[in-house]
Number of protein chains: 4
Amino acid sequence: MPGAPPRTSTACGDAEPGTPARILDTAESLFAAQGYAATSVRDIAAAAGLTAASLYNHFPSKEAIYRAVLARGLAPLAEMLAGLSAREPGPDATQEMIAAVMAHFAARPALARLIQHETLCGGENLRSFASEWVAPLFETASEQLARDPRSPWSAEERPLAVAAWMQLAIGHFVMAPLVEAALPVAPLSDEGIARQTLFLQKLSRLLLRPPG
Amino acid sequence: MPGAPPRTSTACGDAEPGTPARILDTAESLFAAQGYAATSVRDIAAAAGLTAASLYNHFPSKEAIYRAVLARGLAPLAEMLAGLSAREPGPDATQEMIAAVMAHFAARPALARLIQHETLCGGENLRSFASEWVAPLFETASEQLARDPRSPWSAEERPLAVAAWMQLAIGHFVMAPLVEAALPVAPLSDEGIARQTLFLQKLSRLLLRPPG
Amino acid sequence: MPGAPPRTSTACGDAEPGTPARILDTAESLFAAQGYAATSVRDIAAAAGLTAASLYNHFPSKEAIYRAVLARGLAPLAEMLAGLSAREPGPDATQEMIAAVMAHFAARPALARLIQHETLCGGENLRSFASEWVAPLFETASEQLARDPRSPWSAEERPLAVAAWMQLAIGHFVMAPLVEAALPVAPLSDEGIARQTLFLQKLSRLLLRPPG
Amino acid sequence: MPGAPPRTSTACGDAEPGTPARILDTAESLFAAQGYAATSVRDIAAAAGLTAASLYNHFPSKEAIYRAVLARGLAPLAEMLAGLSAREPGPDATQEMIAAVMAHFAARPALARLIQHETLCGGENLRSFASEWVAPLFETASEQLARDPRSPWSAEERPLAVAAWMQLAIGHFVMAPLVEAALPVAPLSDEGIARQTLFLQKLSRLLLRPPG
DNA sequence: GATGAATGAGGATTCATTCAT
DNA sequence: AATGAATGAATCCTCATTCAT
């Protein structure tokens, strides 16, 4: 009786994504908006144009969808961080790193919120990401700071400084609603993101200027 | 038929809290740990030593519990922020503000996570707090920065600087699991909090030092 | 909005059973009729005059209901078997045992089918019953047979003889539909049961008669 | 797009069975092990190396599979029973009948359980089998008993005696788990089956011996 | 103030089945 | 003959909430 619309995957230029990708897309935005627990499989399926039952032809469980969403979101981030870690420590490496990270998050509106949600709730799915990708970045960045003669940070403080940058990058996207309610700004607008990027770059520059 | 143990609220020094307070306590920690959606009324009740039905003698709904938890958590924070806003702009006002905010969050382990959860999910219950208490603080702090001749920030950047401090304060508590997984540190230990406080203070001092 | 009919447990003579007992009653007959898998929690609840949700106020899971049904059914049987095992081996002990077992199953129409269903499907819930209650009975009965000089059975055959009686007792109730479809008899009628009891007693008597 | 491996039914001696037979094989063992309701079409298909969808190319419904399994299992049994019914009533006809029935069930481990499952649950698919094949056997066997001057059974008891044999034959296979849990024997081993066969034959011999 | 029992709505997941490919 | 994808109905169970006691 049922039968589904034939989803001919005629390979045209940048075709609409296949069903699994569509599911991940909608799941990503829902998870990012409401968190894991508040998002129902039916909601995901409906937003993807399916029945909940159909969704189970593509993913074996809600958990699996969530993990896939997280993996798909973290993979490019990890790649980028790996690229940054591999950079030679030129003078404006820091500036570029800041810009790159901010641009990455800006292009994926759900990513920062996803990470924050996961961090808030156990975060077991994040741990491997953290130890595999964040740890090396922290180390690389700390080393770069160590090598920079202008750096005001002690060995003990350097990881804190790197963590601070991470918090400022993610926090900008995640705290946006709160900031928006307190200030007459739109942090998530293109302009807001650009302003924050420049701000962070200036912040880093100020910290590295020679003491008076 | 049964009835609960008579909880005589004999007002001794620091007696165990009354039932409503006990409910709010357990609800606070559960909401902070898992978020609103993932926390069930039964869980709260059980953790508070009650039945779900009994809980409704004290609060009319889950939403009400949540709002009460949030209100109870935000009130002292608002008070503190109001106090900070009222300070005269002495030279180390900023240092003290940082210390006060960090100490406040350190004493209430759930608060930062609660705020972050709420921010991530709509945050409608936070909006009034933001506009009533955060906004004035932002303004005061921005003004203080404006008055300080050493400040390197333009009028446009000053709110961002204040927001950055807020993000670093909250972020320290909220990102702790992620940082812990990437670095060999314990951000939530007394020592970790003290270190972060000193770090933030040094950061602020560095930014206000005269240019070279 | 909901609210349930007040089930006043006014202690009259042999009041209708409480809700849990009523649930077990209906579950017992449904499980006996269709087996575990084919019986839905909703069916049980509906037959007991409840919603499925209400049922979960009394039993934590379908499995738990099933186990409770089985335990409640097996307990008196075990007791009876224990009583039989304790009997001194009088001349017509066997006759009385047969009558007792048949009467027990006759009074509990679901029991034999329940045991058979459980035996057919894994029977993990039956194993302890078997080793605790059936095994002793088998041993006692075998010993009685050994002591009887008229018994034609070797030591090796005696357990088979006891097992055969068990199969004939249970089988009468369980195979009834098949027998009924093949013969113009009603095995589950009072008369049919009486006839089978007499038949089994005669069978046992015949086997113990002195050889010609 | 994919398509399954071409199952060339090259008619060699005892080639692997065709797909429908393979389906019936796996379905038979699953139905026998768990019963109809607890067995899912997907389980059958997977165990047969197919997708559930593919299975519907061979059978129109789960019910149809079940009926086919039952028919396939009952047909040889019916044939055998017909053969037995047709036998002239030689002296050891009973002995041979017992051996034949036991051998038949022993060679088809699922059959007895299948019959028992079906008997327990309505048994509508068994009714025609019972009236067509079991009834004649009962009648023939009863008549044989009637003709045998040694038979101790009255006209009324004769059907019960035949039913008892049937119960002992099927029961041996079906009650095996329960017996195994209570006695240190392995009813389903070759030896166990042989022992039971001999036991039943001796039982029948004993009953027909002349009274003392 | 506390509870057991009740309930409708909804949670995730499985079911048997269909159909275009 | 085989499959992936689709689906409505049903699965067990949890949810927040109510109410008589």
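Just so we're on the same page: letters track the sequence lines, and every chain starts at 1.
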Counterpart residues, ring pair (Phe, Tyr, Trp, His ring centres under 6.0 Å), relative to B:Tyr66 (two or more places apart): B:Phe31, B:Tyr36

Working to the nearest 0.5 angstrom, can you tell me the gap between A:Gln34 CD and A:Ser40 OG? 8.5 Å

Integer-rounded Å distance: F:dT14 P and C:Asn57 CG: 11 Å

Can you pull the salt bridge (Lys or Arg N to Asp or Glu O under 4.0 Å) pairs that have at least one residue in residues 33-58 of chain B, sequence neighbours excluded? none

Please state whether the phosphate of E:dA2, meaning OP1 or OP2, lies under 4.0 angstrom from any side-chain nitrogen or oxygen of B:Thr51. no

Please check: side-chain N/O of B:Thr119 versus main-chain N/O of B:Ile115, any donor-acceptor pairing under 3.5 Å? yes

Test your reading of the model: is there a side-chain donor-acceptor pair from D:Thr51 to the backbone of D:Ser54, 3.5 Å cut-off? no

Please map the stems of DNA chain E, keeping only stretches of three or more Watson-Crick or G-U wobble pairs with both distances under 3.5 angstrom. E:2-21 with F:2-21

Compare side-chain N and O positions of D:Ser54 against OP1 and OP2 of F:dG4 and report whether any pair is under 4.0 Å apart. no

Whether A:Glu28 and A:Arg72 form a salt bridge (side-chain N of Lys/Arg under 4.0 Å from carboxylate O of Asp/Glu) is what I want to check. yes

Of B:Glu63 and A:Ala52, the one whose closest nucleotide on DNA chain F sits nearer the 5' end is A:Ala52

For C:Glu118, all residues meeting salt bridge (Lys or Arg N to Asp or Glu O under 4.0 Å), sequence neighbours excluded: none

Quick check: do A:Arg22 and A:Leu50 have side-chain heavy atoms less than 4.5 Å from each other? yes

Between F:dT18 atom P and B:Phe59 atom CZ, what is the distance in whole Å? 15 Å

Just the table, please: protein N/O against nucleotides 10-12 of chain F N/O, every pair under 3.5 Å.
residue, atom, partner, partner atom, Å
F:dT11, OP2, C:Arg42, NH2, 3.3
F:dC12, OP1, C:Thr39, O, 3.4
F:dC12, OP1, C:Val41, N, 3.3
F:dC12, OP1, C:Lys62, NZ, 3.1
F:dC12, OP2, C:Val41, N, 3.2

Please check the phosphate of F:dG4 (OP1 and OP2 only) for any side-chain N or O of A:His58 closer than 4.0 Å. no

Ranking A:Leu55 and B:Ala53 by the position along DNA chain F of their nearest nucleotide, the one closer to 5' is A:Leu55

To the nearest angstrom, the CD1-C1' distance between C:Ile23 and E:dG4 comes to 13 Å

Holding to salt bridge (Lys or Arg N to Asp or Glu O under 4.0 Å), I want the full list of residues that pass it with D:Arg127, two or more places apart in sequence or in another chain. none

Could you tell me how far apart A:Gln34 (CD) and E:dG10 (P) are, to the nearest whole angstrom? 15 Å

